[in-house]
Amino acid sequence: MEDLEQRSLEFEEALLQINRIRAAEIFGEVFEKEKEFKSLESLVVTTLERIGLGWEEGSVSLSQIYMSGVICEELIEKYMPKLNIERKRIPKMAIAVLQDQHSLGKRIVSSVIRAGGYELIDFGIGQGVEELVSKTEKNEIDILLISTLMFPSALQVKELKEKLLADGYKTKIIVGGAPFRLDSKLWEKVGADADGKNASDVLRILETVWDGGEK
Amino acid sequence: MNSMERTMAAISHKEPDRVPLFLLLSLYGAKESNTSVKNYFSDPLLVAKTQLAMKKKYRNDCFYTFFYAALEFEAFGGEVIFRAEGPANSGEPFIKNPEQIRFLEPPKISESAGLKRVLEATELIKKEDGGQTPIIGVVMSPFSLPVMQMGFEKYLELLYFRPEEFEQLMRVNEEFCVAWANAQIDAGATAICYFDPLSSPTIIEKEKYLETGKKIARRTIDRIHGATAIHLASGISLPVVDEIIDSGALVLGFSDKDDIEKVKTAAQNRICLLGNLNGIDMVNWNQEDIDRKVSRVIQLAGKGGGLILSDNHGEIPYQVPEHVLLGIAEAVEKYGTYPLRREK
């Protein structure tokens with residue numbers, strides 16, 4: 001365990017330097033030693049959580065979070081088949097950018113979720129409320145992750161949630177993005193079930209939302 | 001003092017009669033004019049008239065000729081998406097792969113209807129006001145514009161892994177940015193606000209900024225024929241205050257996530273601070289909130305001048321109630337009149 005903590009620190013350093021080669025070396029070494037997915041998953045999740053906390057504290061940049069997520073996603077993708085691991089399909093999850101065209105937040109969160117071994121459907125960017133309601137219902141989504149950049153887009157989550165409820169869908173909505181960071185109570189005002197202060201938070205939030213959810 | 005004198009004193013690190021108030025009212029003009037955002041920005045005369053009216057109504061110390069962030073993207077041929085009650089957004093990025101960059105050329109200002117409308121509004125305001133009030137023009141930094149031109153993800157890949165194409169894109173963007181800034185100065189803008197969110201440590205790490213955004217800002221600002229403010233659009237600034245000063249800017253737009261006292265200490269007598277009220281949070285404020293927030297910034301950063309009170313993002317959201325803006329103007333008179341009274 002102590003060794004894995006040390007490896008996690010080294011892995012973090014490689015990720016923050018955006019050193020794909022070094023990160024892959026460490027990941028490979030952990031794989032050779034542990035030969036189990038749980039250790040790889042733990043390495044990724046604990047490291048990304050620490051990086052996310054660094055962003056909260058101002059010591060890590062958004063671009064470092066993004067690149068870290070991408071590198072971790074690539075590594076998990078590469079090693080899952082080697083251990084005959086399949087992605088977790090429950091809860092059924094999807095992600096989208098509501099209204100806005102800026103996809104970075106969605107990309108970061110997707111990477112973290114996939115790095116955590118989950119399956120995730122991508123509904124795309126620039127989605128309108130009606131479009132998103134339709135896709136969510138058609139795919140019977142349990143948890144919908146919404147990323148927004150602009151304030152008016154964030155406000156539209158309310159309409160989205162109300163329409164889903166009116167149609168009898170109890171889909172949990174997790175929101176994230178700049179407006180929710182700038183107004184810490186906005187997620188409640190728009191009727192979301194949770195918000196993520198940083199992308200690395202999302203795996204913990206998923207567990208909370210889903211454990212407390214109606215399955 | 002008139003608004004120009006008040007602002008110039010603050011920028012010179014002297015105490016004016018009161019802290020200048022820069023309410024950065026852009027699309028808010030559409031709300032004031034009771035028209036759509038798209039219609040509003042299609043009419044430079046309406047923009048000019050509304051800017052003059054809003055200055056009076058909200059006791060504002062500046063005119064703000066920023067239309068929307070996607071304006072320059074539009075000049076490059078990108079699509080702009082207008083929406084009700086929100087800022088115009090940039091559409092799909094037009095640089096699909098890095099190979100396209102070597103064929104990219106800076107657009108001509110004379111060929112962009114959108115840019116020309118900004119220049120016309122600037123000229124009209126200058127003519128009417130006669131130089132009593134600062135007119136703040138805006139450019140997107142060459143370093144931050146590619147977020148719209150190619151999308152954030154592709155741009156980060158370019159920034160970290162494609163140095164040649166990155167440099168080529170910066171050359172094109174710098175040429176355009178300098179020309180656009182100087183055209184606004186020629187039209188009557190007093191100063192240019194250089195929006196550079198990507199340079200904030202919130203977005204990229206300081207080491208990368210020193211290699212890239214900082215050098216680009218320095219090169220670009222050197223060629224702008226007027227005073228410049230660097231604005232990080234809600235991103236934190238404290239770790240890069242020295243570098244921003246070295247870039248040649250006279251004013252720094254700082255974040256509500258910054259420690260005000262530390263930023264004031266870092267900036268002392270070297271760069272004037274602009275900020276740092278949270279525009280999104282402003283939507284919820286009552287008068288008590290307004291008094292508390294305004295007095296706090298002024299108490300912590302107003303001493304000796306060097307402070308312009310403003311929001312921390314560079315635009316007042318459409319959803320902010322009128323009474324909040326009027327309340328802020330009241331609070332600035334109450335707490336921002338020099339000599340500042342000592343609050344418990």
Side-chain angles (χ1 to χ4, degrees), chain A residues 15-20 51 54-71 73 97-108 110-111 124-126 128 147-156 177-190 197-198, chain B residues 27 37 69-70 78-79 81 83-93 147-148 151-157 159-161 197-209 233-239 255-259 278-284 311-313 315 317-320:
Chain A
L15 291 176
L16 291 180
Q17 288 171 350
I18 310 170
N19 188 338
R20 274 184 162 126
I51 288 174
W55 193 55
E56 286 287 302
E57 292 166 351
S59 60
V60 169
S61 70
L62 187 65
S63 60
Q64 286 172 308
I65 290 196
Y66 165 69
M67 296 306 290
S68 300
V70 169
I71 293 169
E73 185 187 358
V97 180
L98 182 56
Q99 296 291 347
D100 304 330
Q101 302 291 317
H102 300 273
S103 59
L104 189 73
K106 175 173 76 66
R107 183 71 171 83
I108 293 171
S110 300
S111 292
I125 59 171
S147 170
T148 63
L149 181 71
M150 313 299 261
F151 182 51
S153 312
L155 295 175
Q156 290 206 318
F180 298 102
R181 289 176 57 78
L182 291 166
D183 179 349
S184 60
K185 293 191 174 154
L186 186 58
W187 69 277
E188 290 174 286
K189 289 177 205 158
V190 299
K197 297 290 174 228
N198 68 68
Chain B
L27 84 159
V37 175
E79 181 202 5
I81 301 165
R83 59 195 306 176
E85 304 185 0
N89 216 335
S90 58
E92 206 174 313
V147 171
M148 288 185 268
F152 219 140
E153 298 150 63
K154 281 189 180 158
Y155 181 42
L156 288 179
E157 294 278 343
L159 181 61
Y160 285 99
F161 303 117
L198 209 79
S199 284
S200 165
T202 304
I203 309 294
I204 64 162
E205 64 277 17
K206 186 173 176 181
E207 293 73 23
K208 196 71 185 169
Y209 159 69
S234 304
I236 60 164
S237 62
L238 183 60
S255 170
D256 84 319
K257 305 283 183 208
D258 277 312
D259 181 315
N278 182 332
I280 299 286
D281 198 25
M282 222 177 254
V283 174
N284 312 309
D311 75 289
N312 85 142
H313 191 71
E315 180 166 40
Y318 191 98
Q319 290 74 12
V320 174

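Residue numbers begin at 1 in each chain, while the letters A, B, ... track the order of the sequences. Below, all heavy atoms of this structure are taken into account, side chains as well, without hydrogens, waters or symmetry copies. All values reported here derive from a predicted model rather than from experimental measurement.
The backbone N or O of A/Ile65 lies less than 3.5 Å from no partner atom in the side chain of A/Trp55, so there is not a single donor-acceptor pair. No donor-acceptor distance shorter than 3.5 angstrom exists from the side chain of B/Asp256 to the backbone of B/Asn312, with no hydrogens or angles considered. Of the possible polar contacts, one joining the A/Gln64 side chain to the A/Ser61 backbone as a donor-acceptor pair under 3.5 Å is found.
Heavy-atom pairs under 4.5 Å with chain A were tallied for B/Pro317, B/Gly235, B/Ser90; the largest tally goes to B/Ser90. Considering only heavy-atom pairs separated by less than 4.5 Å from chain A, the leading option among B/Val283, B/Ile204, B/Asn89, B/Asp281 is B/Ile204. Highest contact tally toward chain A, considering only B/Asn284, B/Ile236, B/Val147, is held by B/Asn284 [criterion: heavy-atom pairs under 4.5 Å]. Ranked by non-hydrogen atom pairs under 4.5 Å with chain B, the options A/Gly58, A/Ser63, A/Ser59, A/Pro179 are led by A/Ser63. Interface check for chain B: of the options A/Leu104, A/Asp183, A/Ile18, A/Leu186, the most heavy-atom pairs under 4.5 Å are formed by A/Leu104.
With a 4.5 angstrom heavy-atom cutoff, A/Leu155 touches chain B only via side-chain atoms. Heavy atoms closer than 4.5 Å to chain A are found nowhere in B/Ser200, neither backbone nor side chain. Both the backbone and the side chain of B/Ile203 come within contact range of chain A, with heavy atoms under 4.5 Å apart. For chain A, the nearby part of B/Lys257 is the side chain; its heavy atoms alone come within less than 4.5 Å. For B/Glu85, the part lying under 4.5 angstrom from a heavy atom of chain A is the backbone only. For B/Glu157, the part lying near chain A is the side chain, with the backbone staying farther off; criterion is any non-hydrogen pair under 4.5 Å. At a 4.5 Å heavy-atom cutoff, the contact between A/Lys189 and chain B is made by side-chain atoms alone. Contact of B/Leu238 with chain A is not made at all, since no heavy-atom distance falls under 4.5 Å. Looking at B/Phe161, the atoms closer than 4.5 Å to chain A (heavy atoms on both sides) all sit in the side chain, from C-beta outward.
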*May I have the step-by-step check of side chain to side chain contact (heavy atoms under 4.5 Å, CB included) for A/Leu62 and A/Ile108, ending in yes or no?*
CA-CA 9 Å; A/Leu62 187 65; A/Ile108 293 171; 3.8 Å; yes
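Between A/Lys106 and B/Glu153 there is no salt bridge, since none of the side-chain N atoms of the basic residue sits less than 4.0 Å from a carboxylate O of the acidic one.
The environment of A/Gln17 atom CD is dense: over 12 non-hydrogen atoms of other residues, nucleotides or ligands sit within 6.0 angstrom.
Here the side chains of A/Val60 and A/Leu16 are in contact, with some heavy-atom distance below 4.5 Å.
Side-chain N/O atoms of A/Ser111 and A/Glu73 include a donor and acceptor closer than 3.5 Å. No side-chain donor-acceptor contact under 3.5 Å links A/Ser147 and A/Arg107.
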